[in-house]
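From a predicted model like this one, the values you see are computed outputs, not experimental measurements. One-based numbering, in listed order, for ligands and for the atoms of each. One-based numbering along the sequence shown.
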Amino acid sequence: MDAMMEQAENDAYLSTLNDLKPTAPFSFGDPGEIKAHMESNAQLAEYPTVIKSNIGAYLFGRFCREEGPTCAPKWMFLEAYCKLVDCSSLTASKNAANTLLNDFMDDSAFAPPVTDSSDTSIYLDLGNVDTSNMAAVGPGLNPINFDLESPLFGTAQQSVSGSKKKGFVDKAPFESIAKAVSAYLFTNHFEKFRKSQYMAKYMKFEHFFANHKFGEEDFEIFRVLGRGGFGLVNGCRCIRTGKVYAMKTMDKRRVKMNRGQQMCIYEKELLECCNSKFVLDLKYAFVNDYELFIIMDVKAGGDLNFQLQEQKKFSVEMTKYYLVRVMLGLQDMHDAGWIYRDLKPENLLLDTDGTCSISDLGLACPWEEGMTGIAGTPGYWPPEMLLKKSYTKMCDFWTLGVVLVEFLTGTCPFRSKQALEYGKSKGEKDKLLCCNLAVMEMEYEFDESMGMSEDAIDLAKCLLKKDPTERIGQTGIEEIRKHKFFEGYNWEAVKDGSMDPPFVPDSEVNAADSDSIGKFKNESEIQAIDLSDKDHAKYKKFVHQNKKAFEEDVVGLLQWEQRQGRPLTATPPLEKSKTCTIS
Ligand SMILES: Nc1ncnc2c1ncn2[C@@H]1O[C@H](COP(=O)(O)OP(=O)(O)OP(=O)(O)O)[C@@H](O)[C@H]1O
């Protein structure tokens, strides 16, 4: 491809990454059908369902803000409370709880109420909280306007102010207030919302998602980002929401030729069920006559192999950060009953913010007692696999050791000069067999010139134990976490995302150019392969539509439209697509 074309493709991809650019409107279908859909799924229009849905909550929130001061702060309080509930670390909880205190319950909130109402009929008990003692007070005392002397509020107030003195407040004291605030919003404002354009919009999206089968035509394709065993990975954009994703395309004939059907099915299944912040998330999956498609988050920072080549080796700080994220991802997979089997820098993808995620689950599979068979990449295979013994999740901890050494030294220990020389000294000539022999027999020697600390070397040795029953991690990542190498490390901050990644990649394409990614060599051989009905039937369940992802994208779109000053009911004038399609 000529340089100008390449540049045009890169520009189109980068500018789309940084801004939403929907290029097709939502076609919502017949209002009668939408109404019928909502009537036959009555729970969709009920308050708890509406506020649990991302789109519903967003639209109800916008409605509440428009309703003015009796309503808006209450909804904002609930939003802030939900943030507190979502926190997964102590530090994040502290910050969220203090935001609640400072923004909604400042000192004036602890003053006595001006008026006292005994009208309790307006409250509904949505959860298991008894709201019968709650009563509304006049506005102006505290932003959420509740009776500060009622026993319910009083208890919460006491524990809130008690823990405030200690410097930390958790979510428990706020829970009862939140439920009562929610009940208040339902009783006083939901009926009006139901009749508003906001509800109409919510219903349209509900109906759209339930009836739309996502396929290739929903996405525009950008430049190629990488090449996998069965096809290319491209940047793509969902035409209606403008959200950018990565599209992995796998040619069914290439898959058949390489007997990879089960691998592709497993990859989709694990992506679907793993639900880990540290593993790529599946957004959509679909098939056509010749291809399988996986739509996932785009990770535009390049893979860690690419970065390792650029930087030669990683700092201790970077190594710890990446390893911790990998371990948390592995734990989520292991907990779901799967083993990964293909840990290597190339499969760890960086996002533009510097976080990394585990990708390429093509070799992952559900673990079974007595499992054997080689899967993975030369140099990363654990000894038990090469020795044809049965293996367990401990094989992933072997590769964790390999990756630890590779990050800190820049070289994969069993693809190194040391490994090759070991193989040669045993009379082996073939490079791959030399590496395999080193994995099975050689005690890797760490010397000072490698620049690894004593703790790092010790952890590597514990992970690279040839006998998997002696390897660190028997009881899970907790055991590895306690190793001296991680002493004092803030795992919680990595978990909840409050730690700043130690390295942020350039905001460039961070992928090789299209020519280097290259084309498949045996194209004519592939074209000659026939696909039978049985072959197609294997992919009957290769379908996935991630509702949460759809809802997040729609909320992103609605926020974007609002920023552009477009009213909720308007059909946005869409940008003409400037997409480059890969031929
Ligand atoms: N979500 C993504 N965002 C950005 N780039 C990606 C993404 N997924 C994959 N890539 C790029 O595409 C390449 C191939 O993808 P992947 O490793 O998933 O394919 P594969 O067929 O499983 O490959 P392999 O043959 O190495 O097992 C990756 O090395 C990476 O460079």
Side-chain angles (χ1 to χ4, degrees), residues 9-10 13-14 16-17 219 221-238 243-252 254-271 274 276-285 291-310 329 340-365 374-381 399 505 507-514 516-522 526 546 549 582:
E9 284 201 337
N10 287 351
Y13 169 65
L14 284 175
T16 305
L17 270 183
F219 299 90
I221 297 175
F222 290 98
R223 63 152 287 160
V224 61
L225 300 175
R227 186 158 68 112
F230 304 132
L232 297 178
V233 176
N234 287 86
C236 71
R237 165 170 60 196
C238 178
K243 182 74 194 280
V244 175
Y245 285 118
M247 175 188 275
K248 182 167 173 170
T249 311
M250 292 166 280
D251 187 316
K252 286 183 184 174
R254 196 177 299 283
V255 173
K256 183 176 178 183
M257 190 173 88
N258 293 295
R259 300 209 183 109
Q261 284 108 330
Q262 192 54 51
M263 283 160 66
C264 297
I265 292 168
Y266 277 158
E267 174 167 22
K268 178 249 171 191
E269 279 180 12
L270 180 55
L271 280 170
C274 182
S276 168
K277 282 205 264 191
F278 309 100
V279 178
L280 276 186
D281 192 23
L282 179 65
K283 306 298 180 188
Y284 302 95
E291 287 150 318
L292 312 173
F293 298 88
I294 282 181
I295 305 289
M296 55 197 155
D297 278 326
V298 66
K299 299 290 170 184
D303 63 59
L304 286 189
N305 187 45
F306 176 81
Q307 292 298 345
L308 201 54
Q309 279 174 11
E310 300 270 297
Y340 177 41
R341 305 194 295 181
D342 204 13
L343 179 59
K344 55 180 177 179
E346 212 179 313
N347 284 344
L348 301 172
L349 300 184
L350 273 184
D351 210 340
T352 40
D353 63 357
T355 54
C356 74
S357 306
I358 299 179
S359 77
D360 190 0
L361 308 187
L363 295 180
C365 66
I374 294 222
T377 307
Y380 298 85
W381 286 321
T399 41
S507 43
E508 294 185 358
V509 170
N510 289 308
D513 59 62
S514 308
S516 320
I517 290 171
K519 292 202 172 8
F520 288 96
K521 290 199 180 86
N522 50 358
I526 297 294
N546 183 326
I582 313 293

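Taking only nitrogen or oxygen atoms, main chain and side chain alike, Ser359 does not reach within less than 3.5 Å of ligand 1. Polar contact check, Lys344 against ligand 1: no nitrogen or oxygen pair lies under 3.5 Å apart. For a threshold of 3.5 Å applied to N or O pairs, the pair formed by Asp342 and ligand 1 contains no separation below that value. In terms of N/O distances under 3.5 Å, ligand 1 is not approached by Val298. Considering both main-chain and side-chain atoms, Glu267 never comes within under 3.5 Å of ligand 1 through any nitrogen or oxygen pair.
Across the listed options Asn258, Val233, Val255, Asp281, Val233 owns the non-hydrogen atom lying nearest to atom 10 (N) of ligand 1. Here the shortest heavy-atom distance to atom 8 (N) of ligand 1, taken over Met296, Met247, Lys248, belongs to Met296. Around atom 27 (O) of ligand 1, the closest heavy atom drawn from Asn347, Ile295, Asp360, Val244 belongs to Asp360.
Close contacts between ligand 1 and Arg227 involve ligand atoms 13 (C), 14 (C) [criterion: under 4.0 Å to a heavy atom]. Remark: ligand 1 atoms within the under-4.0 Å shell around heavy atoms of Asp303 are 31 (O). Shown in contact with Leu280 at under 4.0 Å from a heavy atom are these atoms of ligand 1, numbered in order with element: 1 (N). Short contacts between ligand 1 and Ala246, defined as distances under 4.0 Å to a heavy atom of the residue, involve ligand atoms 1 (N), 2 (C), 3 (N). Applying the 4.0 Å criterion to heavy atoms of Gly226 picks out, from ligand 1, the atoms 11 (C), 12 (O), 13 (C).
With values rounded to the nearest 0.5 angstrom, Ile358 atom CD1 is found 9.5 Å from Phe278 atom CZ. In this structure, SG in Cys365 is found 9.5 Å from CG in Leu270, a value given to the nearest 0.5 Å.
Put simply, no part of Gly362 is less than 4.0 Å from ligand 1, judged by heavy atoms.
Met296 and Lys283 get closest at one heavy-atom pair: CA-CG, 4.0 Å. Nearest heavy atom pair, residue Ala246 against residue Cys236, reads C-SG, 4.3 Å. Taking all atoms of both residues into account, the shortest heavy-atom contact from Arg254 to Gly231 is CD-N, 4.5 Å. Smallest separation of non-hydrogen atoms from Leu282 and Asn546: O-ND2, 2.8 Å. Nearest heavy atoms, Glu346 versus Asp303: O-CB, 3.3 Å.
For the pair Asn234 (side chain) and Met247 (backbone), a donor-acceptor distance under 3.5 Å is absent. Remark: side-chain polar atoms of Asp351 are not paired, donor with acceptor, to backbone N or O of Asp353 under 3.5 angstrom.
When non-hydrogen atoms are compared, ligand 1 lies under 4.0 Å from the side chain of Leu349 (C-beta onward) but not from its backbone.
Not counting sequence neighbours, the partners of Asp360 by the side chain to side chain contact (heavy atoms under 4.5 Å, CB included) test are Lys248, Glu267, Asp342, Asn347.
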